[in-house]
Amino acid sequence: DIIQSSRATSGRELMETFQGVIRKINQEYSSRFYSPMTITLGDEFQSVVVNLDAGIQSIIALEEELLALEKPFSLRYVLHYGKIETPLNPVVAYEMIGPGLTDARKMLNQLKSRSKVRFEVRLANQELSEHFSRLFHLYQYFYDRWNKKDYTLVNTFLEFRDYKIVARKLSKDPSLVWRRNRSLCIPEYISLKQLLVSSTKLIRHA
């Protein structure tokens with residue numbers, strides 16, 4: 001869900017942005033979903049992903065899309081493994097019932113009471129759940145520490161990686177850009193993102 005959506009200065013603008021972000025992720029990553037991301041209760045959304053890897057990559061894609069838009073709002077996520085007892089709806093994430101969906105909503109409500117935590121993962125294996133929740137805790141630390149004045153630079157780093165190319169694209173001094181690459185912890189963020197994704201592959205082949 002959207003964090004503190006009630007405090008938005010323009011609810012209409014916020015919802016239009018939110019709808020656009022959800023629509024873009026569904027279009028670009030449709031193969032990740034059994035049931036696509038769907039806005040359900042105004043500022044909340046849900047989907048059914050094909051596997052853990054798809055869920056994690058979809059969350060990262062949402063976060064980086066919001067970063068590209070200069071973070072107009074923040075999202076809170078629950079990634080839960082559970083049973084759905086009705087047929088999957090491949091068009092919108094409606095009209096499905098099961099303990100997996102019920103438990104995910106309970107988890108989201110509990111997460112709202114922990115105001116600084118934005119991510120929670122609960123899988124069939126508790127140890128793995130804790131592993132991915134910890135990784136996302138670190139992910140949030142790096143992501144949320146960037147200020148608005150940094151967004152353009154961070155986005156350009158995520159697109160091109162090489163500080164010399166970034167400096168050329170932004171018409172900035174290469175030595176300054178190199179230092180900002182370190183102070184913004186771009187290499188650490190990228191390594192953590194890769195670790196989140198590679199962990200799912202290691203589990204799958206274990």
Side-chain angles (χ1 to χ4, degrees), residues 1-5 7-80 91-93 104 108 111 116-121 132 135-161 165-166 169-170 181 184-198 200:
D1 74 331
I2 300 176
I3 296 176
Q4 297 180 335
S5 60
R7 298 186 184 181
T9 54
S10 172
R12 180 177 179 180
E13 182 179 351
L14 180 146
M15 286 310 302
E16 288 177 351
T17 303
F18 188 30
Q19 290 165 354
V21 169
I22 295 296
R23 185 164 52 248
K24 183 174 182 180
I25 297 300
N26 281 333
Q27 290 172 347
E28 294 186 359
Y29 306 105
S30 59
S31 62
R32 293 179 182 171
F33 303 102
Y34 285 130
S35 187
M37 287 187 179
T38 304
I39 299 172
T40 56
L41 296 174
D43 64 350
E44 296 184 6
F45 65 100
Q46 67 183 28
S47 67
V48 181
V49 292
V50 299
N51 53 33
L52 176 62
D53 181 63
I56 286 175
Q57 296 213 48
S58 296
I59 289 173
I60 293 172
L62 275 167
E63 289 290 285
E64 292 191 349
E65 179 62 23
L66 290 174
L67 182 66
L69 296 173
E70 299 195 347
K71 292 166 64 173
F73 49 81
S74 295
L75 294 176
R76 182 187 290 113
Y77 305 87
V78 164
L79 183 59
H80 175 54
V91 180
V92 290
L108 182 63
L111 196 60
K116 294 184 178 181
V117 179
R118 297 202 295 116
F119 304 88
E120 184 165 349
V121 180
F132 283 103
L135 288 178
F136 269 120
H137 181 74
L138 290 172
Y139 180 94
Q140 180 180 340
Y141 169 78
F142 288 114
Y143 183 94
D144 287 357
R145 72 194 297 271
W146 294 324
N147 297 315
K148 188 171 183 176
K149 63 182 178 61
D150 302 321
Y151 295 162
T152 298
L153 181 57
V154 172
N155 277 306
T156 310
F157 266 122
L158 294 182
E159 184 176 0
F160 297 104
R161 305 291 178 89
I165 297 175
V166 172
K169 291 288 181 181
L170 299 179
N181 179 49
L184 291 169
C185 297
I186 301 297
E188 289 81 4
Y189 170 82
I190 291 172
S191 293
L192 182 57
K193 183 171 69 170
Q194 291 170 340
L195 181 59
L196 272 163
V197 174
S198 64
T200 66

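What you find for Thr200 and Ile56 is that their closest heavy atoms are CG2-CD1, 3.5 Å. Heavy atoms only, all atoms of each residue included: Leu170 and Thr156 are closest at CD2-OG1, 3.8 Å. Contact record, Val91 with Pro36: O-CG, 3.0 Å, taken as the closest heavy-atom pair. Here the closest heavy-atom approach between residue Phe142 and residue Arg145 is recorded as O-CG, 3.0 Å. Nearest heavy atoms, Ala93 versus Ser47: CB-CA, 4.2 Å. Considering every non-hydrogen atom in both Leu138 and Leu192, the closest pair reads C-CD2, 3.4 Å.
Between Arg76 and the choices Leu111, Asp43, Ile2, the side-chain contact (heavy atoms from CB on, under 4.5 Å) rule is met once, by Leu111.
Lys193 has a carboxylate O that lies under 4.0 Å from a charged side-chain N of Glu64, or vice versa, which qualifies the two as a salt bridge. Salt bridge Arg118/Glu63: present, at least one basic N to carboxylate O contact under 4.0 Å.
Atoms CG and OG, from Asp53 and Ser58 in turn, are 9.0 Å apart once rounded to the nearest 0.5 Å. A distance of 10.5 Å separates CG in Leu108 from CD in Gln46, rounded to the nearest 0.5 Å. Atom CD in Glu44 sits 11.0 Å away from atom CD1 in Ile39 (nearest 0.5 Å). Atom CD of Gln19 and atom CD of Glu16 lie 7.0 Å apart (nearest 0.5 Å). Between atom OG1 of residue Thr40 and atom CZ of residue Phe45 there is a gap of 9.0 Å, rounded to the nearest 0.5 Å. Rounded to the nearest 0.5 angstrom, Arg32 CZ and Met37 CE are separated by 8.5 Å.
Proximity of a side-chain donor or acceptor of Asn181 to a complementary backbone N or O of Ile186 within less than 3.5 Å is not detected. Between the Asn51 side chain and the Ala54 main chain, a donor and an acceptor come within less than 3.5 Å of each other. Panel note: side chain Gln140, backbone Lys116; a donor-acceptor pair is recorded below 3.5 Å. Under the 3.5 Å distance criterion, the side-chain polar atoms of Trp146 are matched with a main-chain donor or acceptor of Leu184. Checked by atom type and distance alone, the side chain of Asp150 pairs as donor or acceptor with a backbone atom of Asn147 at under 3.5 Å.
Residues Leu75 and Tyr77 have side chains in contact (heavy-atom distance under 4.5 Å, counting atoms from C-beta outward). Looking at heavy atoms from C-beta onward, Ile190 lies in side-chain contact with Gln194 at the 4.5 angstrom threshold. When side chains are defined from C-beta on, Ile22 counts as touching Leu62, because their heavy atoms get closer than 4.5 Å. Side-chain contact between Glu70 and Lys148 is present, with at least one heavy-atom pair separated by less than 4.5 Å. Side-chain contact check for Pro72 versus Glu13: every heavy-atom pair is 4.5 Å or farther apart.
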Q.
Is there a side chain to side chain contact (heavy atoms under 4.5 Å, CB included) between Leu135 and Phe119? Walk through the geometry before answering.
A. CA-CA 10 Å; Leu135 288 178; Phe119 304 88; over 6 Å; no

Q. Passes side chain to side chain contact (heavy atoms under 4.5 Å, CB included), Ile59 versus Phe136? Steps please.
A. CA-CA 10 Å; Ile59 289 173; Phe136 269 120; 3.9 Å; yes

Q: List the steps and the verdict of side chain to side chain contact (heavy atoms under 4.5 Å, CB included) for Lys169 and Ile165.
A: CA-CA 6 Å; Lys169 291 288 181 181; Ile165 297 175; 4.1 Å; yes

Q. When you look at Leu52 and Phe132, which way does the side chain to side chain contact (heavy atoms under 4.5 Å, CB included) test go after all the steps?
A. CA-CA 10 Å; Leu52 176 62; Phe132 283 103; 3.6 Å; yes

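Between Phe73 and Phe18, the ring-plane angle classifies as perpendicular under the 30° and 60° cut-offs. Aromatic ring orientation, Tyr143 versus Tyr139: parallel (interplanar angle below 30°, classes split at 30° and 60°).
Tyr34 OH: 12 or fewer foreign heavy atoms inside a 6.0 Å radius.
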